[in-house]
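What follows is a single structure, written as structure tokens, with notes after it.
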Protein chains: 2
Amino acid sequence: MAVSKAEIERRMKRFAETCRTGGLKTTHQRMEVFRELAGAETHPDAETIYRHVRRRVPAISRDTVYRTLATLEEQGLVHKAEIVSGRGRYDANMEHHHHFICTACGRVHDFYSPTLDDLPIPKSVSALGRVESTQVQLRGLCTNCAKDKR
Amino acid sequence: MAVSKAEIERRMKRFAETCRTGGLKTTHQRMEVFRELAGAETHPDAETIYRHVRRRVPAISRDTVYRTLATLEEQGLVHKAEIVSGRGRYDANMEHHHHFICTACGRVHDFYSPTLDDLPIPKSVSALGRVESTQVQLRGLCTNCAKDKR
DNA sequence: CTCTAAATAGGAACCATTCCGATTAAAGAA
DNA sequence: TTCTTTAATCGGAATGGTTCCTATTTAGAG
């Protein structure tokens, strides 16, 4: 189930909008990096994004990809999940969602749950600091890897 | 509030026990790396552990620290949290707990909640794979960093 | 069209982690 | 205790992801 055309369209519009209001130049490279994420569901890492975008923008540099991802995150256009093996993974799905992480292949799957979006935070936490975001991480063997094991 | 003497004692015993049953040699280096974590509450990273242990075992190598941490994790003696900036952080607290991560300083604080230990996992997740562990991550500004900002 | 600040390319640098080959030492057997 | 086996260690080189640096390019304002 790929991201729908309409959703990609919507995300690209938001990108253009954010560039304008944020005073960012809408460079070809920037646009293509975001487009890559707007249509992805696999939480690709920077290297994967780099390889894919290079097909369309052959001269793009890794540095640009990394810088652009950081900029997009600052602007709230993409989400960076620091999950496994120190390799950041990105997605353009800004709805509140949670992650199922496969302990074998490292793949990250989104899932949704209104209940989990609004967790009962214990009082003791207020002593630690002010909570700005919450996220649930589930770990286990994904269906694919479970199949391979047999 | 440091880890109590009794708790450290208990953890060291478990370490010795696990080495025996797991067929691991209880080397001086191994013991000191674990001792460092048994008494820590700060989720130190490998480099920090290395620097501390080196006071007691001056010739210890980074490789040994990294290998030992991996071994201890395999044996279920320590817990590795992959949280920020690709730097693994370790703790010897094996009770089910959750993390409050400061978005400014990156420090990780544990907190406990029986309610959060047993989350209602949405049915849709079963299509993704078999859940083996659950964890809640809260992000925000810790009290310390909030103070500094003012 | 011109100008300027922002952004990019490409390669060097950086840093955490892992690998490798030679050496050491834990622990079971004698 | 001493011997033997083999896991574990050391230290430095290698790796891989990410960031930095500087010259060059370009988006967008005027």
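Labels below follow one simple rule: chain letters A, B, ... track the order of the sequence lines, proteins then strands, and each chain is numbered from 1. Note: hydrogens, waters and symmetry copies are ignored here, and every other heavy atom, side chains too, is used.
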Notebook entry, point to check: Can a salt bridge be assigned to the pair A:Glu132 and B:Arg139 using a cut-off of 4.0 Å between side-chain N and carboxylate O?
Noted result: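 So A:Glu132 does not pair with B:Arg139 through a salt bridge.
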Next item on the list: Determine, using the 4.5 Å side-chain heavy-atom cutoff (strictly less than), whether B:Val131 and A:Leu119 are members of one ILVMFWY cluster.
Entry: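 Same cluster.
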Note to self: Side chain of A:Arg30, heavy atoms from C-beta onward: which of D:dC10, C:dT8, D:dA8 has the nearest atom to it?
What the structure shows: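 Selected nucleotide: C:dT8.
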Note to self: Side chain of B:Thr68 only, heavy atoms from C-beta on: which candidate in D:dT9, D:dG11, C:dT8 is closest?
What the structure shows: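 Output: D:dT9.
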Which whole-number value in Å describes the distance from [X] [atom1] to [N] [atom2]?
X: A:Asp63; N: C:dA6; atom1: CG; atom2: P; result: 17 Å
X: A:Arg54; N: C:dG10; atom1: CZ; atom2: C1'; result: 12 Å
X: A:Met31; N: D:dT26; atom1: CE; atom2: P; result: 15 Å
X: A:Leu69; N: C:dA7; atom1: CG; atom2: P; result: 15 Å
X: B:Glu47; N: C:dA16; atom1: CD; atom2: C1'; result: 8 Å
X: A:Arg62; N: C:dA13; atom1: CZ; atom2: C1'; result: 15 Å
X: A:Arg56; N: C:dT8; atom1: CZ; atom2: C1'; result: 17 Å
X: A:Asp45; N: D:dT19; atom1: CG; atom2: P; result: 13 Å

Between the protein and nucleotides 23-26 of chain C, which nitrogen or oxygen pairs are less than 3.5 angstrom apart?
unit_1, atom_1, unit_2, atom_2, d
C:dA26, N3, B:Lys25, NZ, 3.2

Next item on the list: Please round to the nearest 0.5 Å and tell me the distance separating atom CG of B:Leu141 and atom CZ of B:Phe100.
Entry: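 Output value for this atom pair is 7.5 Å.
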Item checked: A:Glu36 CD to A:Met31 CE distance, which is reported to the nearest 0.5 Å ->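 Between atom CD of A:Glu36 and atom CE of A:Met31 there are 14.0 Å.
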Notebook entry, point to check: Are A:Phe15 and A:Phe34 close enough that their ring centers fall under 6.0 Å?
Noted result: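 Yes, ring centres under 6.0 Å apart.
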Margin query: With a 4.0 Å limit, can you tell me whether B:Tyr66 has a side-chain N or O closer than that to the phosphate oxygens OP1/OP2 of C:dT17?
Written below: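 Yes, B:Tyr66 has a side-chain N/O under 4.0 Å of OP1/OP2 on C:dT17.
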Item checked: C:dT18 phosphate, OP1 or OP2, under 4.0 Å from B:Arg67 side-chain N/O ->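 Checking C:dT18 against B:Arg67, no side-chain N or O comes under 4.0 Å of OP1 or OP2.
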Side-chain donor-acceptor pairs of residues 17-25 of chain B under 3.5 Å, sequence neighbours excluded:
unit_1, atom_1, unit_2, atom_2, d
B:Thr18, OG1, B:Arg14, O, 2.7
B:Thr21, OG1, B:Glu17, O, 3.3
B:Thr21, OG1, B:Thr18, O, 3.3

Notebook entry, point to check: In terms of ring plane angle, is the pair B:His98 and B:His96 parallel, tilted or perpendicular, where the classes change at 30° and 60°?
Noted result: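 The arrangement is tilted - the two ring planes meet at 30° to 60°.
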